[in-house]
Structures are given as structure tokens and as C-alpha cells.
Amino acid sequence: MASVPRSFLLLSIIPTILILCADFACCNTGRKTGDGLDTDFSGFSVPLEHSFEVDDVSRFRMRGALQLRGGRETSVSLSQSQLSEEDRNTLKEVAAVDGLYKIRVPRVSLTDRQTERQMDGYLTAFVRACSLVESHLSDVITLHTDVSGYLIGVSIVTIPGACRGTEVEDEVDLEAFNTTLTIIVPTNAPQPETALFIERMDIEHEKRGKPQEQKSFFAKYWYLILGGAIFLMASSSAQPSAGGAEEQQS
Amino acid sequence: MKPPAKMSKPTSLFVIFFSLFVMSEAVFEDQVGKFDWRQQYVGKTLFAHFDSHSQSSKKLFLATDKNIFASFNSRTGELFWRHVDKAGPEGTIDILLLHGQDALMVVGGGRLLRSWDTNMGGLNWEAVLDTGSFQAACFVAMQDTVKHVAVLKKAAISLHYLTNGHQKWVENLPDSDTVQYQAVYSGGEEEVYVLGVVPNSHLTIIAYSLEDGEIIKQRSVEAPWLSSVESSCVVVGHGVLMCVDTATLALYALPIQSLDLEVSPGFQPVLVSSQPHPARSPISEFFLQLGPDHHVLLQLNADGYTIAPLRDFQPAFLVSFSTTGEKTVAAVMTPKNETVKKKKNVACAINLFSADSGRRLLDTTVIFPLDLNGGKPFKLYVHAFLKKDDSVGYRVLVQTQDHALTFIQQPGRVVWTREEALADVVTMEMVDLPLTGTQAELEGEFGKKADGLFPMVLKRLSSQVILLQAWLAHLWKLFYEARKPHGQVKNEVTIETLSRDEFNLQKMMVMVTASGKLFGIDSKSGSILWKHYLENVQPNAVFKLIVQRTTAHFPHPPQCTLLIKDKDTGLASLHVFNPIFGRKSHIAPPALPRPILQSLLLPVIDQDYAKVLLLVDDQYKVTAFPSTKNVLQQLQEMASSIFFYLIRSDQGNLSGFRLRKDLSTERIWEVVLPTEVQKIVAVNGKRPNEHVHSQGRVMGDRSVLYKYLNPNLLAVVTESTDAHPERAFVGVFLVDGVTGRIIHEAVQRKARGPVHFVHSENWVVYEYWNTKSRRNEFSVLELFEGTELYNSTVFSSLDRPHLPQVLQQTYIFPSPITTMEATLTEKGITSRHLLVGLPSGAILSLPKMFLDPRRPEVVTEHSREENLIPYAPEMPIRTEWFINYNQTVARVKGIYTAPSGLESTCLVVAYGLDIYQTRVYPSKQFDVLKDDYDYVLISSVLFALFFATMISKRLAQVKLLNRAWR
């Protein structure tokens, strides 16, 4: 058991070294590596805004800042401030009328920082305000990216997610967010597993194939054929009389 | 070593077992055509010719817009043969010429020249033509025999032998960049004339020598009034080109002559002439159409300069020439009643006129009944023949605007009608048939509100009496008809006798075709019970058929709504009708002044049991239909729980909205897929009428794996914009339609569309093209909640914080596919099959069991317990799985499945060029006794057992008594 952390440490060092090597080795091949260097160390931040209004008209305010780190290992962290007294009250009021709590992040790319293409528009998601209140502001925010690193969607859920109508007495519960932040990249769908299947078939064949060596048809059944031929010859010489007798009977 | 060796044997046994299990699905020979039917269509007719080769010929040749060349039996309307060419511009039929036994066809915009044998439908020869867009073609005759065909392209003319298609010569046309060559003509001389025009400037006539293609003559005629030869010129008489000047209405017979004729304002005059035989000149009579219902028969006099009007036809919709022997006749279609619009029974009369004199021929009137629910007559094809007494008889083929063909014989008998609009079905629904009178009576009894005990008893008694009466009548009918031969008893299905059968296996198929004609088809026999032609439907319209009220709500009639949306403008209109009778409903649909983005059918019903349809316009305002007070009130109450989504695939934008109390909407979520990377190609939710019987799957260790059954889940399929085979990909996103949460996001690398997919229950199956391995592959995604349910009583998208587990597996499929659908049954107990339409026209019923991501790589005790098939990368195609045996469905476009009253049975309709209806039993007929079930044996055994028990009981009693005495 003790060896596990050590090897883990080692393993975690190796990629870093490799990355550095790669970065140094191909500095002049393109912008991507330089870009990777840049983002690896600095990252960038985008605002995370939220809106909760009794009349359900969106008015987004700052909730915190998302620290995004692109490159090979995308990571994300969130720094956010506490809810003010006024916000807490509004949130409770919104929860009372079953309003929505919405969040939004601007559309950005995690990898393509150099072009700095400002994409217009936001990605929006919502959760029922009452479930946020009842879960004591413990939410899970998930950022989804596509294959090329663009943010395509954001989602927010609370744990627990249900609205049971329980009153939140303690004001302290509504002060700070207890946020779990994850970033999800698309998974690669599997290809047909031909190699494994063939391997398995080969193993099965080997197991089965050895004792039964492939012999030719005649080599296998020569005695049967010979026996059959002899029998036929014997019976054909005996047949005329028997067949004739049968015919007479019928 | 030993245990695995053991294991391999059960594995193979296992496979054999499963193959046996699914093998027994094929149709038995005596079942062919019992539960299924197929109808073959050809599409809208472009060219039609009668076989005039022999007098008694029954053949009719058609070339259609669906790239089909077909031959019909003109007596019955049945198909002799048809040739289905490639779809799209590659197979378009540019022209069809008929001469004797040869049918000549130019295909694919002048790509190929084909000759068919009209007798058998075999291909005589095929010649590849030089590139260039096709303009015209005609037969070229020499000394009264037709030996060549001339094909005019944009910049060249070529002459081909009729016998083998070899090119005799090809010549480039002079000044083809300025002159538009549009017509080719041959009148039996040694020359071929090519006519070209420089619009509004002059006309060019070039005469080529038939022998070697040399230019014999070249003439240019000033014609500043002429813009197109094709539309305004015909050749009449001995090589006289007759053109009509649309601006001044002068007939230019080169030289010019002006006539005192009046043309309808805004109408382009049309000339119609006839060349009975390619070896001879066209006849010198011709028609001039001056208005939509005004024709004039004119004659070019022998001097070739003067034109004399023979007869004026007004009103006359359609005219056509036909020749038999030496006689040429003109057929004219006129409206029968003067008050066309007021009279209900509108008919048209067709009369025959002698072409050379303009006299009406006696006893040639044919009445053509005009279907009120059909389109107007569009084209007339006349086949004239000489009767024994040397008078002219004729048959007419009338093509109407709704693509229907009607064949009429003298005296006014409609021999057959073909509804060719059905060759292009866009969408369809199956509606339950209404109950019979007695059933409805019973339904009505329970449907009404209770009003006291005594009236209820009375009502019950009366309905029982009615039932008894009906039963007695039925018995009497059986008794009465028992002595008749069997064939006569079989009564025709008509709209009046329609009623639901015991297991709801017979339904009404409501089909919407691209031409805007609606059909009601009986699913059992395939006969068309009603039709309704919607006029003014744009050719690029998008249809959505919605069943608002089923037949279950007697006495309210069932109600279907067709949303017709113009693809370009987005403006929509609603057509509300009764799906059983096809009649337009008296309910006025709401006016929709703004483009419609989305329509959704709510489970909310109004007081008349019609489901509420919401239409969202481009300002995100919502219109409800029906919009009664009751509905609006209900909508207000539940507004906060009505969510809907909109997809803008051009912007890659998916967004969700929530309804507000004032029927406005608010945007609540937004997901954007950058269009630079991928574009959305398809979005599919689940079918609302789908039932899932089991919540989970029992695994080998007796624990339960619960399915993730989210009714709001959307499957979004994207394709990469990068088409490079190494970088191309297909993306599959599972998005919750209420919260906008991306449930799963998978990328199939090195893959390309077209993607076909089915989304149902807790799974998505999609098919794509693998660019690296160059093959088609099937992939299946299944979603599970895990071994514990989060909330087992109710599913809410708003309260499901944990993401489901997603399992996925991919298989090789050995064939491309054209469409895919899953079977659907009443309660969802029956196992599912995928119905896959293959390009060959076969429909494959693929058990979902083969598409299961839990198929194990290595067989274990648990997986065997669970009946999982071991993983094999290739998906088999077994011919027994073809549900349509040899009844192939050409160009299958869609498959529709509907549940029946029997849980085991699913009704399937495959449509494309053909329509095929059948039933499938994915888990075999587990709820039906077999046909050969031995009732006598079972009941006799039962009785015997019963009596044996009685006797043995008696005997035992006696024995006990005896023993007690002892």
C-alpha cells in the first residue's frame, strides 16, 4: 500500500516533464504550444453571473469569477463572494413564489486564447430557487466543452434537488455557496472491438483446434466409404432376387 | 485451463440458441399477403405515351418526376413493370420518345441515352452522351423509316442510330455562347434543323445533312420579339415555324401575319401542334391557347402564308391531338355545367373534333366526373383508334393537379384511377377506428354523468336490449348468408362499415403527401377511403400532423390538425379535419400572422377532450388551439410547469423557454454549439405515446439496474464541419429539454453522416459512416440510474441531480441504411425491435437484444443468467429478419409504427415510393392462440377429467363407507 502514493507521485511528475519537453522541443512549430505554455501558467477568468428576481425578469449580477485553465488538463476553480443580506432576502422571496435562480457564463474557448475571439452570447442554466435555498446553497455547477474546447453549456443542480417546503431558519446557511465545480469534456464513443474479438476467437480456436487436425474427407472416412462400397457391392449382387420377390408380392 | 475450455462450449450453444430463437420470425408461405399489403407508385407523370404499335395493345408508358419509367396495363391500371433510376438530378428523365417498340429516353440532364424494349421492359442499349446540358431530342426519319435520333445539347448536336445507340456524327453548334439552341426538328427530309435564338434579336436556323452532319444551310431571321423558341414556337405543316408574339399577339409564320384574336391579360399564349409520324411533316392544324380556358383551332393554308381559324373553343380547359391511321383528331375538354362554382356535381365533358375541318365527331362525348376533393385537370393524353366501322374511338388519360391519373373509356366510364401523390408521403398517423353503434351506446352510457339510480338502471336495461337486438340481427345475418357461396359474403370496406375490430388491428392511416393531398387509407386492405386535396400548398411546405382528439371520446368526433408551414417564410396555416371521414372540421383554426417556430401538443385537454396545441411564433408569443376560456384558464394555472425548447440549427443554438401566465415566454436556458466546429443535423425526443413496462433490468446477481427514463430527454446529433476523414466526427448530445442540462456528450471520431437514429426508452441507437474503415456502424447508448432509484414515484427533470450512467457499444453493420424506427406496443412489455429500411428496399427487423451495450466481451455466469449475447463486432443480417420478404419498398423514406390492441402486435407502415403495411410480433404472438389450436381436444380432455373426478370421488366415497362398515 505504501508504494502506491510514491508511484503516483512519480507518475504525476513524468507528464509534467514530458509536457515541458514537448513545449521546449517544438517551440517554433505553431502557436498551439506557446499558447499552451501561456495558459498553463496564467489561465484566465470569466465572470459567473446569477439572477433571481421575484418578477422573473432576468437581471444578472456578479456571483464570482471562474478561473479557467485550458491546455492539456483543463481545470477550473471558482472564487465567489458571500450573499449579501439583501440578496438572501430576495432569494428567499423568489423561493417562496417558486421562481428561478439562473446563472450564466459567457461563451469562451478554453484552448484558443490567442485569437481572443470574443463570441457573443452567454450560456444560461437555471435551478428552482426553492431547491437552492433548501439545500443551503450547495450546488453543483458543470461546464461542458466540445471537442475543440469551446464552452457549449453550463448546468446547475442542487443536492438535494427537491423542494419540500422546509423553512430555512438559520440565516448563516444562506451566506456562502458550497459549490462543486466540474468541467466535462466529450467522451469518445467506442469503436467496434474487432481486435479483442479476434483475439478471443483465436484463443478459442487454439484450444479447440489442436486435437482435431484438419484431415481430408477421404483420410477421415476412408473406412466408412470402403465399408459402404463393399456393402453396396454385396447387396447389389443379392438384390435382384429379393427385389423381384417383393414386386411379386405387391 | 479447464474452466475456460468448458465455457467456450456453452458460448457457442448460446449463440445457436439465440439464432434459433430469432429465426422463427419469418413469414410462412401461407401467410403471405394475409396481414400485409403493398402498393406501388411511380410519382407525378411528366411524359405519357400510349402504345400505338398495335391496335389491341394495353400498354401505357409513363416517365415521372421520381425518375421512373413505367408501363401500365391501360385496362386495369396495374403496373406491368417499372424501372426505378437513381434519385436526384442524376436520374432525371429529360425526355421520353416512343417509336414502335422502342422507347428512347435521355437521362440525367443529357448524360445518358437509353433505349428500352417496350414489350418486356428490357434495356436495349445505353449510350453515354458527351457533356453538356440537354436541350431537345427528336426522331429523324429517312425515306419513311425512322433510323436515327437527334439529341441537341447546349453546344452540340449528335445523331445516334436507333438500333444500337452508336453515334453517327456529332457537330459543334456555331456561336453557341451567344445563341441559345432550343429545338431540333426533322420532317422526314435529308436534313435536321436546329433552331436557336438570341433573345430579342434574331432566330438562327441551321440545317445539317443527315449523312455526315455537314451544315447545308444557315439562316438568320430578325425576330426582336422572340425570347424563347421552346415556349412560343412550334413547327406546323411543311416546315413552317409558327411563333406567337406574346406582346402584340401576332402569329409569325415567317412571314408575319397578324390575327384578330384576343388574349387574356397576363396570360402567355401557348401553341400546340402535332407531328403524328417523325417521317412526315407535322399536320397543318394547330391550337393556340389564348387564356386559361380559351383555345382556338387554326389551320395553316396550303400556300404556307395564311392562317385560317377553324373553330373557337371557349370555355375549354385542355386540348390534345391524337392520330390514328390517317386521321388526326383533337380532343377538347370543356366544363359540363355552366355554373361551375355553384353546382355541386361538377363534371367535365371531353369531345372529339376532326382536326382538318374542326367538325365535332358524333357520339364522342365522354363525361369526366370532377372530384371535389381532388385537383383540377392538368393534362390530357388521348389514345384514338379506328373502330370496325371506320369511326374514331378513343380513350383518355387525364392527369389532375394532385398527380392523380384517371383513365376513361367511351362512353364516359372511369376505368381506373391512380393516386400518384402517394408516391411522396411526407408524414402519417394511424388513428383508431370508431366504435360500432352498439359499442358506442355502451360507451355513452358510462360516459354520461350519473343522474340517479333508477334512470341508470333503465339506461342499462335499454342498452342491454339494444345489444341483444344487434346480436340477434347478427345471428340472423349469419344464418341467412350461410348458404351463399363464400366469395359473395365478403363485403367491401366502405367508410360506412368502418368499425374497430376486436383487437384494434384495423386502423385508419392518415397520410400527408408532398403535393398537399391527404389520404385516409384502411390499414387492413389498403383501400383509399377518403382523400382531400389542399390547394395552394407551396411545393416546399413542411407538414406536421397532430392527433388532437382520438376516437376514444364518443360522441365527440376525432380531430386531427395538419400544420402546414412554408419553409422559407415560416408562415403557417392549420387544416383541422376528421381523420375518419376526411371532412374539414367546422372549428375555425386561429389566424397565424407570424412565422411559427415550434408547435407542441400538451397533455392538457379542453372540455371537449381535445388536446391543446401550442404554437410559438418568432416573437416567442404563444397561441393556443383550441383557445377556449377553459383552456386558457388551465394554461394559466399550469404555466410555470410548461417548458419548451427551440432549436436554431443554423446558429447551433438550443434554448429553453418557460410559459408565463400571460402566454408570453421567458428564456431560461441556452446551450450553444459553435457552428464553426459542428452543425446540428437532427434532434429527436421520445414518442409521447410510448410506454415502458419495466423500470429496470434484473441482472445476473438478482440486483436491479434501474433505467434512466427521462421523458424530456432530447438526442441531438451533430456533424463536424471539417469533412476530412481523419478529423470528421459525429457528436451525440443528450440534453434535458426542460433544464437544458447536457446529460451526456459523446463524440464518434472519424465518422460522417448521414446519421440515422432512434431515441426511445432509455436508449439511443445511431448509425453513421466510419470514414477510416469505410463501413457503416451502429452504436447504442443506454442510460441507467444505477442500482438505486433517486425518486421512484415520479420523474422530474428539475429534481434529478445525479447524472445517469451511460453505457455504449458499437457494432459493424454490413449495409447502408436509409431509415430506422423502433417497434411500439400497447404496454411496452414486448421486447423491442429496430426496423431498419435498407436501400435494397428490404425492411429488417433487428432485435434490440443485439444492440445492447451490456453484451459481455467474456461470458460469465452472470451474463448468461441475464441472457446477454456475447459481444461480436459484426451485426448479422439474416434474411428471415426481412419482414417484407420479397415485397421490397423502393426508396423507403420512413417507417411508422403504431401499437395495436394486442400487446404482442405492432403495426408497421413503410413508405417511400411504395407503401407497405404489415404487422410484426417482436416477441412472437404470446397472447394469441394459434390458428390450429385444438379446442376439441382440450375441452374433451377437460370434460373427461371432470367426469373422472366425479366418478372417482363417488367410488372413493363408496369405498370409505364400505371400510367404515367393516
Side-chain angles (χ1 to χ4, degrees), chain A residues 56-58 97-100 102 104 107 109 117 119-128 131 135 139-140 142-163 184-198 200-201 203-205 207-208, chain B residues 1 4-5 8 11 640 653-656 658 660 666-674 676-678 720 729-733 735-736 739-742 744-751 770 773 777 779 781 790-791 796 798-803 806 808-812 857-858 871-874:
Chain A
D56 266 347
V57 177
S58 303
V97 297
D98 195 15
L100 303 181
K102 294 182 221 169
R104 73 172 186 190
R107 290 175 60 197
S109 167
R117 189 171 29 213
M119 283 174 293
D120 50 335
Y122 289 88
L123 306 167
T124 327
F126 76 98
V127 73
R128 286 166 81 187
S131 67
S135 66
D139 55 352
V140 179
T142 314
L143 297 169
H144 296 267
T145 69
D146 70 353
V147 275
S148 49
Y150 287 106
L151 272 191
I152 58 163
V154 60
S155 74
I156 176 169
V157 287
T158 60
I159 294 179
C163 279
I184 294 186
V185 295
T187 52
N188 277 332
Q191 300 282 330
E193 292 273 2
T194 36
L196 232 138
F197 181 76
I198 291 167
R200 209 180 72 206
M201 292 292 275
I203 291 169
E204 269 181 30
H205 264 284
K207 272 177 214 152
R208 221 183 299 161
Chain B
M1 268 320 264
S8 67
T11 316
S640 63
N653 187 311
L654 292 93
S655 45
R658 182 162 85 155
R660 284 203 188 127
E666 69 175 311
R667 189 186 294 248
I668 49 174
W669 60 263
E670 201 167 3
V671 167
V672 186
L673 303 170
E676 304 93 81
V677 182
Q678 53 196 335
S720 62
F729 65 87
V730 166
V732 177
F733 299 83
V735 182
D736 190 302
T739 62
R741 189 177 184 199
I742 298 174
H744 183 68
E745 189 184 346
V747 169
Q748 194 82 47
R749 303 260 176 198
K750 290 167 190 145
N770 186 327
S773 312
E777 287 175 5
S779 194
L781 275 161
Y790 178 79
N791 179 354
S796 166
L798 298 169
D799 178 20
R800 250 327 114 136
H802 304 293
L803 283 175
V806 181
Q808 188 169 15
Q809 228 169 41
T810 308
Y811 316 89
I812 303 163
E857 301 264 341
V858 179
Y871 179 80
E874 196 179 22

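Chain naming here is simple, since letters A, B, ... match the order of the sequence lines and numbering starts at 1 in each.
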Heavy-atom cut-off 4.5 Å, strictly under: side chain, backbone, both or neither for [X] against chain A?
X: Arg667(B); result: backbone
X: Glu874(B); result: neither
X: Ala751(B); result: neither
X: Asp736(B); result: neither

Restricting to non-hydrogen atoms, name the atom on [X] and the atom on [Y] that form the minimum distance, rounded to 0.1 Å.
X: Ile159(A); Y: Pro801(B); value: CG1-CB, 3.8 Å
X: Ile742(B); Y: His144(A); value: O-CE1, 3.2 Å
X: Pro674(B); Y: Asp146(A); value: CD-OD2, 3.8 Å
X: Phe197(A); Y: Pro873(B); value: CG-CD, 3.1 Å
X: Thr124(A); Y: Ile668(B); value: CG2-O, 3.9 Å
X: Arg200(A); Y: Val858(B); value: NH1-N, 4.2 Å

Stepwise, does the side-chain contact (heavy atoms from CB on, under 4.5 Å) test hold for His802(B) with Val157(A)? CA-CA 9 Å; His802(B) 304 293; Val157(A) 287; over 6 Å; no
Calculate, to the nearest 0.5 Å, the distance between atoms [atom1] and [atom2] belonging to [X] and [Y] respectively.
X: Arg104(A); Y: Glu670(B); atom1: CZ; atom2: CD; answer: 10.0 Å
X: Leu803(B); Y: Thr142(A); atom1: CG; atom2: OG1; answer: 6.5 Å
X: Ile152(A); Y: Phe733(B); atom1: CD1; atom2: CZ; answer: 4.5 Å
X: Tyr811(B); Y: Glu193(A); atom1: OH; atom2: CD; answer: 11.0 Å
X: Ser58(A); Y: Glu666(B); atom1: OG; atom2: CD; answer: 6.5 Å
X: Phe126(A); Y: Arg658(B); atom1: CZ; atom2: CZ; answer: 7.5 Å

What part of [X] lies closer than 4.5 angstrom to a heavy atom of chain B: side chain, backbone, both or neither?
X: Thr145(A); answer: backbone
X: Ser131(A); answer: neither
X: Thr158(A); answer: backbone
X: Ile198(A); answer: neither

Quick check on the interface: out of Ser155(A), Ala189(A), Ala125(A), who has the most heavy-atom pairs with chain B under 4.5 Å?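 Between Ser155(A), Ala189(A), Ala125(A), the count favours Ala189(A).
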Whether the side chain of [X] engages the backbone of [Y] through a donor-acceptor N/O pair (distance < 3.5 Å, no angle test) should be reported.
X: Tyr150(A); Y: Val677(B); answer: no
X: Gln748(B); Y: Pro190(A); answer: yes
X: Thr187(A); Y: Glu745(B); answer: yes

Would you say the side chain of Arg128(A) lies within less than 4.5 Å of the side chain of Asp799(B), judging by non-hydrogen atoms?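 Side-chain contact under 4.5 Å: no.
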